[in-house]
Amino acid sequence: LSVKEHDECLRTIAEDLKKNNWLVRANVPGWEKPSEVGGRTPDIMAHKGCLKRICQIVTEKDFNGDMANYRDFKNYCKEYDFQLYVVDKEGKPKQRDI
């Protein structure tokens, strides 16, 4: 997954959230950058009322190679609805439970 492909997936998810009335910060040029959480800057941080969401976009290879790290990050972010998107071979992000 190239940086360009990653950023395109990130923008797609951020735009979808924004269309659904979420206040969105995305770690991609042209968007306000999210705050750090646990020493990491999430790909997307969104708020809607009292709901908080963090989204990360990774490749299948990255996910399988570092699943424990993503699980630890999810556990650190307990006050957030943590969503992980794994990009398939066609470049489509699919939400994945960890």
Side-chain angles (χ1 to χ4, degrees):
L1 186 66
S2 70
V3 171
K4 181 181 176 188
E5 291 168 324
H6 175 271
D7 288 356
E8 286 174 11
C9 289
L10 199 155
R11 281 189 184 94
T12 298
I13 294 166
E15 287 292 342
D16 286 347
L17 287 166
K18 189 175 176 182
K19 286 177 192 172
N20 287 306
N21 299 316
W22 288 81
L23 298 174
V24 181
R25 293 181 181 184
N27 195 8
V28 65
W31 287 75
E32 186 177 346
K33 189 174 181 175
S35 305
E36 275 193 13
V37 177
R40 295 175 66 168
T41 302
D43 286 333
I44 295 172
M45 182 179 280
H47 296 266
K48 184 177 185 180
C50 61
L51 301 174
K52 299 177 188 177
R53 179 173 290 171
I54 286 179
C55 303
Q56 287 296 115
I57 296 98
V58 298
T59 64
E60 189 75 37
K61 181 180 176 186
D62 290 339
F63 176 69
N64 289 330
D66 207 6
M67 193 181 310
N69 188 25
Y70 293 109
R71 191 172 290 122
D72 288 347
F73 188 47
K74 175 185 177 182
N75 291 336
Y76 185 86
C77 303
K78 286 184 183 189
E79 72 271 15
Y80 291 87
D81 172 23
F82 184 87
Q83 297 188 350
L84 183 73
Y85 292 85
V86 178
V87 180
D88 64 19
K89 292 177 184 171
E90 288 79 43
K92 305 271 191 236
K94 302 214 190 266
Q95 195 170 344
R96 176 71 83 69
D97 289 329
I98 55 172

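Start at 1 with the first residue, then count along the sequence.
Counting heavy atoms from C-beta outward, H6 and V28 have side chains that stay 4.5 Å or more apart. No side-chain heavy atom of I54 sits under 4.5 Å from any side-chain heavy atom of I44.
A search for salt bridge (charged side-chain N to carboxylate O under 4.0 Å, His left out) contacts involving E32 returns R25, not counting sequence neighbours.
A pairwise comparison of heavy atoms in P42 and S35 identifies CD-O, 3.2 Å as the closest pair. Minimum heavy-atom separation, K33 to N27: CE-OD1, 3.6 Å. K48 and N21 make their closest contact through CG-O, 3.8 Å (heavy atoms, listed as atom of the first residue, atom of the second, distance).
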Verdict with supporting geometry, W22 and L51, side chain to side chain contact (heavy atoms under 4.5 Å, CB included): CA-CA 9 Å; W22 288 81; L51 301 174; 3.9 Å; yes

Evaluation steps, side chain to side chain contact (heavy atoms under 4.5 Å, CB included), between Q56 and R40: CA-CA 11 Å; Q56 287 296 115; R40 295 175 66 168; 4.1 Å; yes

Show which side-chain atoms of residues 8-19 pair as donor or acceptor with protein atoms under 3.5 Å away, not counting sequence neighbours.
residue : atom : partner : partner atom : Å
R11     : NH2  : P29     : O            : 3.3
T12     : OG1  : E8      : O            : 3.0

